[in-house]
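Heads up, the thing below is written out as structure tokens.
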There are 2 protein chains.
Amino acid sequence: MAKPSRSARRRETAGVGLTLPDALAQLSFAVHGAIMRVADVHDLSLVQVRLLGVLRDREPGMFAVAAHLNLDKSSVTGLVDRAERRGLVRRTTALEDRRTVRVALTARGRLLTRRVAKEIEGELARLVEGLSATHRRSLSRIAGHVVDVDARRRG
Amino acid sequence: MAKPSRSARRRETAGVGLTLPDALAQLSFAVHGAIMRVADVHDLSLVQVRLLGVLRDREPGMFAVAAHLNLDKSSVTGLVDRAERRGLVRRTTALEDRRTVRVALTARGRLLTRRVAKEIEGELARLVEGLSATHRRSLSRIAGHVVDVDARRRG
DNA sequence: TATTGTTATACTCTATAACTATA
DNA sequence: TATAGTTATAGAGTATAACAATA
């Protein structure tokens, strides 16, 4: 049996009488699946998508990338190596501190980043297109609140 | 459906600062984080947690496990190898078809599965404990609806 | 021939520890 | 000494292709 795509994801039957934890977990898997569908099309992993996202508005050093992605710096070395091999990012040496290596999107990387962001937004929009405007507003507001509380709790 | 105008979108997200796709993505990361906190405590990966979940009420063959997890059967061989090495699952040969290898939780695996499930439920409950009962009900209902539509769309 | 699993191989992703270069 | 990054190494997780055993 061949897996048709790069991602592995769960697809279990949804229900009506779900507990809130179950509903949350399944919603999370659905969202993850939507993101991975886009990533797969461009042969990107989730981490690579996140890397592109981090570089979208910044030109951080390797250490800062590691902090953003919550990875060890040695993991970022390989991650950037692979992205560089694909021509998506470029390493440049900082003039002010010759120890730091800045990472930046190439023109091709920038193009791909914009495209992927737009496609993910589209997939997520499709995911909620069956909801009424009222429910969409509710979901947005409640989800925002949950995220907010969680973020404050963890700094 | 027409693409909403820029101003309409601003109206839709007024008061929250997040678009619905953003809110969904961030909520998904928060949920994933909650699950991973539990998994980490028990030195489990997300896939291993899912494997335990699949085996909770079943004793499937390797092929069926692969289908449940949406993995290639060769990937499941290694996955089950590692779980078996840790004493969490056991391979047994089926009597009716000597090709198939059934996978079952050991006593220790069953214990861990119950504990992990309970802890994940607890983490997710904590995630939403700041919501009013009304908002919790809304979130549960709306999330269930999204998951339901998504599941039906993908069969 | 078809199905179920495993093996061989290769790649991504991740971490820890040791190393280099710069500050 | 301390910091930024890479290298060496190990292991999990994934896939494809080739194989063995059974149906």
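Labels below follow one simple rule: chain letters A, B, ... track the order of the sequence lines, proteins then strands, and each chain is numbered from 1.
- No engagement by Gly78(B) is indicated, since no non-hydrogen atom pair under 4.0 Å with the nucleic acid exists.
- In the hydrophobic clustering of this structure, Leu69(A) groups with Ile35(A); members are Ile, Leu, Val, Met, Phe, Trp, Tyr whose side-chain heavy atoms approach within less than 4.5 Å, directly or through other members.
- Arg56(A) approaches Ala117(A) most closely through the heavy-atom pair NH1-CB, 3.4 Å.
- Look at CZ on Arg102(B): it is 12 Å from C1' on dT4(C), rounded to the nearest Å.
- The distance from atom CD of Gln48(B) to atom C1' of dT14(D) is 14 Å, rounded to the nearest whole Å.
- The CG-P distance, from Leu88(A) to dT12(C), rounds to 13 Å in whole Å.
- Whole-Å rounding puts the Leu95(A) CG to dA23(C) C1' distance at 16 Å.
- In the set dA21(C), dT6(C), dA23(D), the nucleotide with an atom closest to the side chain of Arg99(B) is dA23(D).
- Note: CG (Asn70(B)) to P (dG13(D)) measures 16 Å, nearest angstrom.
- Which of dT22(D), dC13(C), dT6(D) sits closest to the side chain of Asp97(B) comes down to dT22(D).
- Look at Ser75(A) and you won't find any side-chain N or O under 4.0 angstrom from OP1 or OP2 of dT14(C).
- Put simply, CG on Asp40(B) is 10 Å from P on dA15(C), counting in whole angstrom units.
- Rounded to whole Å, the distance from CG on Leu46(B) to C1' on dT14(C) is 15 Å.
- With respect to the salt-bridge test (charged N to carboxylate O, under 4.0 angstrom), the residues Asp81(A) and Arg85(A) do not qualify.
- A salt bridge does not link Arg141(A) with Asp148(A): none of the charged nitrogens is closer than 4.0 Å to a carboxylate oxygen.
- In this structure, Arg82(B) does not reach the dG11(D) phosphate: none of its side-chain N or O atoms is under 4.0 Å from OP1 or OP2.
- Scanning atom types as modelled, one donor and one acceptor separated by under 3.5 angstrom connect the side chain of Ser74(A) and the base of dT16(C).
- No N or O donor and acceptor, one from the side chain of Thr100(A) and one from the base of dT3(D), sit under 3.5 Å apart.
- Hydrophobic clustering places Leu46(B) together with Val38(B) (ILVMFWY residues linked when any side-chain heavy atoms are closer than 4.5 Å, directly or through intermediates).
- Atom CD of Glu84(B) and atom C1' of dG5(C) are 13 Å apart (whole Å).
- In the set dT7(C), dT22(D), dT14(C), dT14(C) carries the atom at the smallest distance from any side-chain atom of Leu71(A).
- At the phosphate of dT6(D), OP1 or OP2 sits under 4.0 Å from a side-chain N or O atom of Arg91(A).
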